[in-house]
Every structure is written in C-alpha cells, then in structure tokens.
Amino acid sequence: MNSLSPQIKFIGTEDDNLGLFEAQYPVQSGISYNSYLIIDDKIAVVDSVDVRRCGDWIDSMSTALSETGREPDYLIVQHMEPDHSGSIKSLIKHYPDIKILCTQRASSMLANFFEDVDFSDRICQVADGDTLSLGRTLLRFITAPMVHWPEVMVTLDETDRILFSADAFGSFAMSSSPVKDAWDSEARRYYANIVGRFGPSVQALMKKLTSLEFDCVAPLHGPVLRENLAHYWKLYDKWSRYEPETTGVLVAYASIYGGTAEAARRVASELQTAGVEEVVLMDLCRHDVSYAVAEAFRLSHMVLCSVTYDGSLFPAMHNFLHHLEMKKLAHRRVALVENGSWAPVAGRLMAAELAKLKDVTVVAPTLTINSRLHHDDMPAVKALAESLMS
Ligand code: FEO
C-alpha cells in the first residue's frame, strides 16, 4: 500500500474497465478514484470512491486499519459527485459510528443522494477555515465552491503540509501513472473538459491557497503530486485564466468526403511554412471532442474548417463549438474555412457560435471553397495563414 506519510495511506482504487468517464470522456487506461486514510489518535478517511470500486476500497481500508485494531472516526466529504460519494452508504454499514465532516451544501446533497440513510447525529458541518485536530495532525478546511460543484471543499493537512485538493489538480491519468509522462496532457484534458467552465472559481481557490504552505497535492483523480509543484500551479493558473500555454494553431476540421480535410491540411502546411512551430491538425469526426477541447485550451490560435450540411454546420463541428461555449474558452484568434457545393453557410454559422465566446477574434475574410480546394484558392490560403498570425 502506498503512503503519503507514515500516518497517511493511499486507499484509492483504479477502474480500468470504465470506457467512458462521466458517460462521455474516453479513458483508455481507466480512471482512478483517490481516497486517503489519516491514522492518528483519531482516524479520518478523505472521500469515498465510485460504487463500482466500493469492494476494493473497503478492503484496502480494512487492511490499513487492521494494523491499528480501530475503526475510522471521520469521513471527510470534499465533493459529492457520485464518483467520490458513491460508497458512503457502504462505509456507514461497515463503520456505523463514523461521523461525516462536510460543508452545509454537501449535507443537503447527502440527503438527496441517500434518502434511505439517516444522517442525523452523524454530520458535522464545517465552514471555510475551520480546523480539526486528529491528535498530531491538524486539518484545515477550505471551501472551494464550483471547483467543480458548489459543495466542494479542499483540506490542508498543516502538519504534513499535504493539500487534499478534491477535483483541483486532478487528471485522467491513473494514480499509478508516472507523473512526468502523463500529467500535463491528461490533466489538461481533465481540467478543460470537467473544470474548464469554472475558471473564476479556480482562480478564487488559488488565491486562498497562495498564503498556505504545502509540499504535496493529493487530488481525487490521478497521481499525487510531490515535486515540481510550481509547474502544475503555473499550468492551472493559465488554464483558469483561459490563457494559452503556447503560441500555436489548432486546425480542427469536419469533413465528409475529404474536400474540407484537404483544405485543412493545406492551411496547416501553409502555417508551418510561415514559421508557426506548433500546428496540430485534428479530425473532429474521428477524434473525441475532449481532445480537441484540451488542444483549444493549450494553443493560442485556431483554424476551424467545416463543410456545410443540411443548410447547417456538420454535426462534429457544431458539437466542438458547443463544447467550447460550455467550457467558456476565451481570448483566442480564429480563422474560418467553409466548404459547400452549392450554398455554403458554415462560415457564417461558425462565426455566430464563436461570437458567444469572450474575447475571441475571428479574422476576415472566411475562406470559402467550392466542393474542393482549387489551384486558384492557394493565394487565399496563404492570406488566411498570414492574417491569422498577424
Ligand atoms: Fe471526480 Fe467532480 O468529480
């Protein structure tokens, strides 16, 4: 069993057979539901796990507790989303005397999720800044509303300088993944798609955390972060301000028979010729949209290329733009390529969707191609690349 410190055991579980997290995000290698056991004069469990892995979780906890001959005194509920609260009922069955520490908002959610459980005399509500001594260990609770749900709080172990960060600093990578290999890309995809909409709330939490001291971040998904915290902090700051990580272009396309894809490839090639170092070409019909959203958060510019379909946008492009609106992407520069064999409208419709985003500039003019890219279109392709990067 992994330990964060001699007193703090990792008792999280990994689900390598889930397929789609939140019924929508592909997780090829699975997802981890992290949970921690703090063993002191009093024993606290930090969050439960998805009900799919309840058995593994209870087993890990029992193994860790067997060395003590005691039962847990507290469950700290930082987040009520079912992937972290789903096993609470089983925990209470195993340990009927356990108390639950959570925010006022979480206590009403508990009643909604588990109407057949009697929580009276079990719940201790905590407010922002409240502390709890477990003996040697002093915990401080810090509310973090809308990082990702309204009831969220994070917990600082002031003794061991560990921040239990709930969804913040989480990742689609497994908890056992090497941090260096996996964190940036899978944490970015997790952040952009799950927490992305709530940038101002993340900024508010980061402001609270600035004055606190910790050397280790223990999130509810993905690896525990022990080194290089400044790097992860910097990325989180950029993502939550909707600032790109780097100058580069995401060329995202929705093509039916290849004509629009060919135009996208030519635009990408022209951008590379013009000296843009990072050009990422992404087929929205074949890549899951969560990867495209993550790249949109990472890069400073986009070229969106869509065929017209049924007098509207092709669904894959419409879906991508809908996701960008949900996640509130901002501060980007975008060029448009539309295709149509008789009445192209994709450019106008993409511009209308982008107008819903804050501080997103659409460079003029839209490049319109008729069925396929033609030799005569090449000067316009070059001009589009130049005006995007100017
Ligand atoms: Fe994994 Fe918002 O929870």
Side-chain angles (χ1 to χ4, degrees), residues 10-36 45-54 56-57 75-88 91 100 102-103 105-110 112-114 141-155 163-177 182-183 186-206 217-225 232 236 239-240 290 293-294 297 323 326-328:
F10 179 89
I11 54 167
T13 62
E14 293 191 332
D15 187 346
D16 58 5
N17 194 27
L18 182 64
L20 292 177
F21 179 69
E22 281 193 2
Q24 57 178 325
Y25 302 114
V27 282
Q28 278 93 352
S29 51
I31 188 88
S32 62
Y33 311 113
N34 297 352
S35 171
Y36 308 91
V45 180
V46 182
D47 284 306
S48 94
V49 302
D50 192 285
V51 72
R52 289 166 55 93
R53 283 295 179 270
C54 181
D56 297 346
W57 178 62
L75 170 68
I76 296 168
V77 174
Q78 300 189 113
H79 186 13
M80 274 301 298
E81 196 168 5
D83 52 331
H84 310 295
S85 66
S87 298
I88 289 177
L91 182 74
I100 294 178
C102 64
T103 60
R105 196 73 191 258
S107 64
S108 54
M109 288 186 177
L110 275 165
N112 291 335
F113 275 108
F114 304 103
F141 304 109
I142 301 149
T143 54
M146 299 319 298
V147 182
H148 159 220
W149 278 20
E151 83 296 356
V152 171
M153 66 177 185
V154 302
T155 306
L163 176 69
F164 298 99
S165 61
D167 269 351
F169 299 96
S171 169
F172 281 129
M174 298 287 245
S175 55
S176 54
S177 303
W183 199 84
E186 283 298 72
R188 181 188 305 110
R189 189 165 71 94
Y190 182 90
Y191 178 85
N193 288 281
I194 291 182
V195 192
R197 179 177 178 83
F198 308 111
S201 305
V202 175
Q203 281 286 311
L205 173 62
M206 292 179 83
V217 176
L220 287 178
H221 297 288
V224 171
L225 307 173
Y232 308 124
Y236 244 68
W239 298 338
S240 52
S290 65
V293 170
F297 268 69
H323 276 75
M326 281 197 296
K327 307 309 169 190
K328 294 185 178 283

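Read the numbers this way: they start at 1 and go in the same order the structure lists the ligands and their atoms. Being a predicted model, the structure only gives us computed values, none of them experimental.
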Participant: With atom 1 (Fe) of ligand 1 as the reference point, give the N/O/S atom of Asp83 that is nearest.
Facilitator: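 The closest N, O or S atom of Asp83 to atom 1 (Fe) of ligand 1 is OD2.
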
Participant: Determine whether Trp149 and Arg105 satisfy the following criterion, side-chain contact (heavy atoms from CB on, under 4.5 Å), listing intermediate values before the conclusion.
Facilitator: CA-CA 10 Å; Trp149 278 20; Arg105 196 73 191 258; over 6 Å; no

Participant: So does Arg53 pair up with Asp50, basic N to acidic O under 4.0 Å?
Facilitator: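 Result for this pair is no, no salt bridge flagged.
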
Participant: Report whether any nitrogen, oxygen or sulfur of His79 sits less than 2.8 Å from atom 1 (Fe) of ligand 1 (N, O or S, backbone or side chain).
Facilitator: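 It does not; every qualifying atom lies at 2.8 Å or beyond.
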
Participant: Verify the distance test for His148 against atom 1 (Fe) of ligand 1: any N/O/S atom under 2.8 Å, yes or no.
Facilitator: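 No - counting backbone and side chain alike, His148 has no N, O or S atom under 2.8 Å.
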
Participant: Looking only at N, O or S atoms in Glu81, which is nearest to atom 2 (Fe) of ligand 1?
Facilitator: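 The nearest such atom is OE1.
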
Participant: Testing Ser29, Ser32, Ser175 for side-chain hydrogen bond (donor to acceptor under 3.5 Å, both in side chains) with Glu14, which one passes?
Facilitator: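 Of Ser29, Ser32, Ser175, side-chain hydrogen bond (donor to acceptor under 3.5 Å, both in side chains) with Glu14 is met by Ser175 alone.
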
Participant: Can you name the N/O/S atom of Asp167 that is nearest atom 2 (Fe) of ligand 1?
Facilitator: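 Going by distance to atom 2 (Fe) of ligand 1, the closest N, O or S atom in Asp167 is OD2.
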
Participant: Anything under 30° is parallel, anything over 60° is perpendicular, the rest tilted; go ahead and classify Phe21 against Tyr190.
Facilitator: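 Plane angle between 30° and 60°, so tilted.
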
Participant: Does a donor on one side chain and an acceptor on the other come within less than 3.5 Å for His221 and Asn34?
Facilitator: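 The answer is no; no qualifying pair exists.
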
Participant: To check your reading of the site, what angle at atom 1 (Fe) of ligand 1 do NE2 of His221 and NE2 of His84 form, to 10°?
Facilitator: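 Result: 90°, to 10°.
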
